[in-house]
Amino acid sequence: MDYLKGLNEAQYEAVTTLEGPLMVLAGAGSGKTRVLTMRIAHLITNLVDPFNILALTFTNKAAKEMKERIAKVVGQSEARSLWMGTFHSVFARILRSEAHYLGFPSNFTIYDSQDSLNVLRKVLKDLSIDADLYKPKKVQARISSYKNNLITVKAYFNNPELIENDERANMKHMGAIYQKYVDACYRNGAMDFDDLLLRTNELLTRFPEVLAKYQDRFRYILVDEYQDTNHSQYLIVKALASKFENICVVGDDAQSIYSFRGANIFNILNFKKDYPDAVTVSLEQNYRSTQNIVNAANVVISKNVQQFKKNVFSDNEEGEKIKVYRSLSDADEANFVASNIWEQHNSLQRRFSDFAILYRTNSQTRAFEDALRRKNIPYKVYGGLSFYQRKEVKDLIAYLRLLVNENDAEALTRIINYPARGIGETTQNKLTVFADKKSVAITEVLGNLGHYAPELGLNNGILTKLSDFWAMIKAFQVMLKSENAYTVAMEVAKRSGLIKFLKDDQTPEGISRVENVQELMNSMQGYIEEQQQLEDGDPSLSGFLENIALSADTQNDKNETGDQVSLMTIHLSKGLEFPVVHLVGLEENLFPSFMSSSTREEIEEERRLFYVALTRAEKQAYFSYAVSRFQWGKITDAEPSRFLSEVDSQYLEFINPAVESRFVNHSGLKSNIFDEHPSEPRSFTRKSEKKTIERSEPQPVPQNLKPVATARIINPSGASSENIEVGDQVRHDRFGVGEVMFLDGTDPQNIKAKVKFQHEGEKNLILKFAKLTKI
DNA sequence: TAAAAGAACTTTTTT
DNA sequence: AGTTCTTTTA
């Protein structure tokens, strides 16, 4: 049992206490993943059949990594039959095999938030409810919270308090909307993310034999990131564990950051109440970070009221102080970060992959991408608008979804007239109304046009178009029986006219859309090949569709090994670690977000978010903030985040360069701790410098001097692209530096260039639009 | 009916 | 600023 060596006392206890309820409170960096991995390995070595183990993780990525690590200890074949994955993916799988209990088809579609929002918009329209009063997003959030708290439509109408509550919020139609939305999903044979949990609960409560089956199967249950489970998840775990009570939950209340998604921190805080016999183990030694980082993080989190008492400490070196950089603008901040990474890469020989840039909102990525690209620093953006959410990708996926589940009305509306085939809004409305009146599915009408035609009141031209469309879908479905998913998808892309339609658009955007569809095809092929190698793989089309619905960005996972800087939101960084972390955008109203600054609970969650971010760092942490920032299309002034002043200044070092101090008083900031720690004394010379700059700005530019601004504009209208030749080194606004591989076309208005970019690969660009600059 | 132009809204975080 | 929904025009 080599794997037990090298564990500290607490870790050893957590790994070897196999029976009964166990709560592991794992402070940041305390070797949580290691404990979980070893614990599962230990179970298997102690002759527990892996088939009887269920391990629930927070992300698919975490599950995959953990499975690989376990396989190294106990061997590939033993690890395979382990059930490990996110709540959503594990229970989606169970729901598929038990779907008949709930009256769902086993090939039900999984709606992502965008899909469910579309359905909701339609429901609002059908009920003639003003979408201004009932903002779809708000309605969606409300329904989501019902579902996560196990309030079904029936339960809602039986609960006067809830109804009253919605009436007070001026949303008295919520019940009706909720009902109609649930009905629509049911009719479409679809479940949204929350349904995967809610319906699992329904399955386990309504059908004791199903519950018994899975209770017997999952004798040992482990839940990672327990602090971020919601009520619905909590109940599933509780039900499954109630027979054997071999339940191990691992988490850290200080790292609960998903309450906006219904996560309930009391699940972990009250674990002892649910299982009075539970053993609690605290892992407090942080092996990841320097003392300075751990101490700074502790000071901040101690401001929170609601938490377990913990004493996280580090025996590592004391380490450097956290550097704090005040910048003028978002662009300035990004430049600072990029230069810092560049310098450390050169002088300290750090790898690019040693760095992470963490931010609160996805919209902050752009500035950093620009700055990194200018310095030719390779990087990878995690999360953000996922590849699978792009319109052209979703469109092709909608076709595929319809093949698998033809009741999916949402997929049907998306593509029935895309690309345009003369089935316009009027026709679609007629169809919907007619189908409603006859209470049959639209697809039923489409499938039996001959039968329904006399009553439909559509002319022959339209009827032909409809029957052609449906014949095409049917042909794809037949093909799916004999051909593999990739071949069918290729055929769909061609025969539906989608590819041709996209190819007709020769703008750079249009070209990139075609590339995205190509990329989707590639990722599909990759998926099929991967699944074919697995014994229990599922290379089918529906398997692929489920995979992309439940895991954010599989397509990028291939080139993960490269040496590149990681950019991601703090939420996404949970569970990861980096030698150097740049925590950026530390400003009031950004972090903490303006959306969650009103109540103490909200601020406490933001503070935990700060704690998570800081404890990602192993050796060095950098904080930065901007005095003004470009957002919502204009420049906004910003104040430093309150979290900065909550870090005791003994852990900080302020590093503002000299050039900047002339602007120090420029922003009209309220006095704060940062004015007490100027990086260098402000002199009169500097102040007067500032004055001259300010005064000179409004003055007219002297005739004999070339204004600097004009001199910098190399490419005002794209005209300079004209004398570009094959072999030239060029710079593109978005793609960075690259080499022109070849040029095509004689019409000066329509010359295409193939450019090989250093980081973005080869792109086909149209010179007129690409605004390439020769360098 | 489809493309083009204009208006409105957007930004919190994700399975 | 960028996207998406809405209205106008051919």
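Labels below follow one simple rule: chain letters A, B, ... track the order of the sequence lines, proteins then strands, and each chain is numbered from 1. Remember, predicted model here, so these are calculated numbers, not experimental data. Worth knowing before you read on, the calculation uses all heavy atoms, side chains too, and leaves out hydrogens, waters and symmetry mates.
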Would you indicate, yes or no, if [N] has its OP1 or OP2 atom less than 4.0 angstrom from a side-chain nitrogen or oxygen of [X]?
X: A:Asn417; N: B:dT1; value: no
X: A:Thr426; N: B:dT1; value: yes
X: A:Asn362; N: B:dT14; value: yes

Can you check the [X] [atom1] to [N] [atom2] distance for me, whole Å?
X: A:Asp194; N: B:dT15; atom1: CG; atom2: P; answer: 13 Å
X: A:Tyr258; N: B:dT12; atom1: OH; atom2: C1'; answer: 11 Å
X: A:Phe594; N: B:dT13; atom1: CZ; atom2: C1'; answer: 12 Å
X: A:Phe58; N: B:dT14; atom1: CZ; atom2: C1'; answer: 7 Å
X: A:Asp330; N: B:dT11; atom1: CG; atom2: C1'; answer: 14 Å
X: A:Gln255; N: B:dT13; atom1: CD; atom2: C1'; answer: 16 Å

How is [X] classified with respect to the nucleic acid when contacts are heavy atoms under 4.0 Å: base, sugar-phosphate, or nothing?
X: A:Ser144; result: nothing
X: A:Ser363; result: base
X: A:Ile570; result: nothing
X: A:Lys137; result: sugar-phosphate
X: A:Phe87; result: nothing
X: A:Asn230; result: nothing

**Message:** Can you work out whether A:Thr569 or A:Ile423 has the more 5'-proximal nearest nucleotide on DNA chain B?
**Reply:**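 Whichever sits nearer the 5' end wins; that is A:Ile423.
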
**Message:** Closest-nucleotide mapping onto DNA chain B: is A:Gly422 or A:Ser596 further toward the 5' terminus? I mean the 5' end.
**Reply:**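 Nearer the 5' end of the strand: A:Gly422.
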
**Message:** For nucleotides 2-10 of chain C, give me one character per nucleotide, 5' to 3': B if any protein heavy atom sits under 4.0 Å from the base, S if the only such contacts are to the sugar-phosphate, - if neither.
**Reply:** S--S-----

**Message:** Ring of A:Tyr418, cation from A:Lys391 - is the NZ or CZ under 6.0 Å from the centre and inside 45° of the axis?
**Reply:** yes

**Request:** Assess A:Lys138 against A:Tyr134: is NZ or CZ under 6.0 Å from the centre of the six-membered ring, and within 45 degrees of the ring's axis?
**Result:** no

Could you check, using the six-membered ring where one of them is a Trp, whether [X] and [Y] have ring centers closer than 6.0 angstrom?
X: A:Phe104; Y: A:Tyr186; answer: yes
X: A:Phe91; Y: A:Tyr214; answer: no
X: A:Phe591; Y: A:Tyr625; answer: no
X: A:Phe58; Y: A:Tyr258; answer: yes

**Item:** A:Phe260 ring over B:dT13 six-membered base ring, under 5.5 Å and 30°
**Value:** yes

Nearest-neighbour nucleotide for the [X] side chain, [options] considered:
X: A:His88; options: B:dT11, B:dT13, B:dT15; value: B:dT15
X: A:Thr361; options: B:dT15, B:dT13, C:dA1; value: B:dT13
X: A:Ser593; options: B:dT15, B:dT12, B:dT11; value: B:dT12
X: A:Leu572; options: B:dA2, B:dT14, B:dT12; value: B:dT14
X: A:Ser113; options: B:dA2, B:dT15, B:dT11; value: B:dT15

**Prompt:** Rounded to the nearest 0.5 Å, what separation is found between the CG atom of A:Asn547 and the CG atom of A:Asn60?
**Reply:**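 Answer for the CG-CG pair, A:Asn547 versus A:Asn60, is 7.5 Å.
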
Between [X] (side chain) and [Y] (backbone), is there a donor-acceptor pair under 3.5 Å?
X: A:Ser116; Y: A:Ser113; value: yes
X: A:Asn149; Y: A:Ile151; value: no
X: A:Glu588; Y: A:Arg642; value: yes

**Asked** Taking the same atom, P, in C:dT6 and in B:dT11, what whole-Å distance lies between them?
**Response**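 Pairwise P distance, C:dT6 against B:dT11, rounds to 16 Å.
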
**P-based separation of C:dT4 from B:dT13 [nearest Å]** =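 Going atom to atom, P in each nucleotide, I get 15 Å.
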
**Message:** Expected output check: what is the dot-bracket annotation of DNA chain B, where ( ) and [ ] are pairs inside the strand (brackets for crossing ones), | is paired with another strand, and pairs are Watson-Crick or G-U under 3.5 Å?
**Reply:** ||||||||||.....

**Request:** Verify whether one side chain among A:Asp252 and A:Tyr611 offers a donor that lies under 3.5 Å from an acceptor in the other.
**Result:** no

